[in-house]
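One structure is given below, encoded as structure tokens.
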Number of protein chains: 2
Amino acid sequence: MAKTVQKEDSTIGQNTLDGKDLSILRLLQENARITVKEISEKVHLSTTPVHERIKRMEETGVIKQYATLVDHTKVKKGLMVICYVSLKQHSKEAGDKFIKTIQELNEVIECYNISGEFDFMLKVVSEDMNAYYDFHVNRLSQIENMGHVQSVFVMGIIKQTHQLVY
Amino acid sequence: MAKTVQKEDSTIGQNTLDGKDLSILRLLQENARITVKEISEKVHLSTTPVHERIKRMEETGVIKQYATLVDHTKVKKGLMVICYVSLKQHSKEAGDKFIKTIQELNEVIECYNISGEFDFMLKVVSEDMNAYYDFHVNRLSQIENMGHVQSVFVMGIIKQTHQLVY
DNA sequence: ACTGAAAGACACAGACT
DNA sequence: AGTCTGTGTCTTTCAGT
């Protein structure tokens, strides 16, 4: 009898992103303060559906955050260091304790659990070498269960983006 | 070794950030879409000076960008890989050519010039292991002058922030 | 799921302390 | 450098299609 047309990507209830969603994301990634009006003109929709789509992507967690990115050299965080850490013990308790400590250290802006000879990779920002030395000796190395630590210094930033949708 | 321009110079007039500027930055870092009105209430100022301060920080480059951060797992970029690269030749031309190629690769979201045995560190995002293998073999390794490449896989994200002002 | 309109909130500029 | 006030623009909701 009645035939239903299957649409591939229109089921927003199932959290599928269609082309218009991706276009909106592309614009928002570049500029979080772009107006809904401007987006609506660029994606050829009125403001209402754009507003609804953005809200939906916020609620479903596709959009994690609207962030303001600050120039690290202008807020006295000119030194960036990649830091490799291995733990002495690899029990769950030991790992959790390390993680909790790391999350409280403001200088550590990123931390990943990695494959290979080290357990964690940290991205650390400091004012200068003295500040980093202080961090390394007095805070990082003081964490209990700390095994080896290896520092790799960032001498230049070639590329830095957060653009996952393109 | 490739050289990158590092803006170390802070001589843009009296570009000193006071406590109120830092308070504003703290709020904006967390939420780029916070209203000027809301900021003004939290820092105990009226909207005009807040508006002026933000504009000044945009113009002086303290504020680099208002970015929307997208959940990488929800846009089919679930795999994150840290990639170390050394070049065969270290002339300026060779380095510049490598840099230019890297900047055009969408999968590479970060690239740093680093100290140590490798020349560059890359952060790469892919849909899955197949997509990464394709990237590694067909694009990264195909770059001329490519020396060694070593991949370290991110198994878990412990911390990820951009909060330089705290 | 989209368009269009309409109310309320906000950004932004001007006059002034 | 700040407050207050006003105008134009945007967000956000609600009808209708």
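Salt bridge absent: B:Lys76 and B:Asp128 never bring a charged side-chain N and a carboxylate O closer than 4.0 Å. Ionic pairing of A:Arg53 and A:Asp18 is present here: one or more N-O contacts between side-chain nitrogen and carboxylate oxygen are shorter than 4.0 angstrom. Of the charged side-chain nitrogens involved, none lies within less than 4.0 Å of a carboxylate oxygen, so that B:Glu127 and B:Lys77 do not count as a salt-bridged pair. Contact check on A:Glu110 versus B:Lys123 returns a salt bridge, with a Lys/Arg side-chain nitrogen under 4.0 Å from an Asp/Glu carboxylate oxygen. In this structure, B:Lys100 does not pair ionically with B:Asp96, as no charged nitrogen and carboxylate oxygen lie closer than 4.0 Å. A:Glu38 and A:Lys42 are joined by a salt bridge, as a carboxylate oxygen and a charged side-chain nitrogen come within less than 4.0 angstrom of each other. A salt bridge does not link B:Glu144 to B:Lys88: none of the charged nitrogens lies less than 4.0 Å from a carboxylate oxygen.
What separates CD1 of A:Ile54 from P of C:dC2 is a distance of 13 Å, to the nearest Å. For the pair A:Glu52 CD and C:dG4 P, the computed distance is 15 Å after rounding to whole Å. Atom C1' of nucleotide C:dA1 and atom CZ of A:Arg53 are separated by 8 Å, given to the nearest angstrom.
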### Task
For side chain to side chain donor-acceptor pair (under 3.5 Å), just list the numbers for A:Gln160 and B:Tyr112, CA-CA rounded to whole Å, side-chain angles, deciding distance to a tenth of an Å, and then say yes or no.
CA-CA 8 Å; A:Gln160 224 175 12; B:Tyr112 303 103; 3.0 Å; yes
### Message
Does the protein touch nucleotides 3-8 of chain D at the base, only the backbone, or not at all? Give it as B, S and - per nucleotide, heavy atoms under 4.0 Å.
### Response
BB----
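Using a 4.0 Å cut-off on heavy atoms, none of the residues of residues 28-41 of chain A approach DNA chain C.
Checking the phosphate oxygens (OP1, OP2) of D:dT11, no side-chain nitrogen or oxygen of A:His51 falls inside 4.0 Å.
Looking at heavy-atom distances under 4.0 Å, A:Lys55 makes contact with sugar-phosphate atoms alone, never a base.
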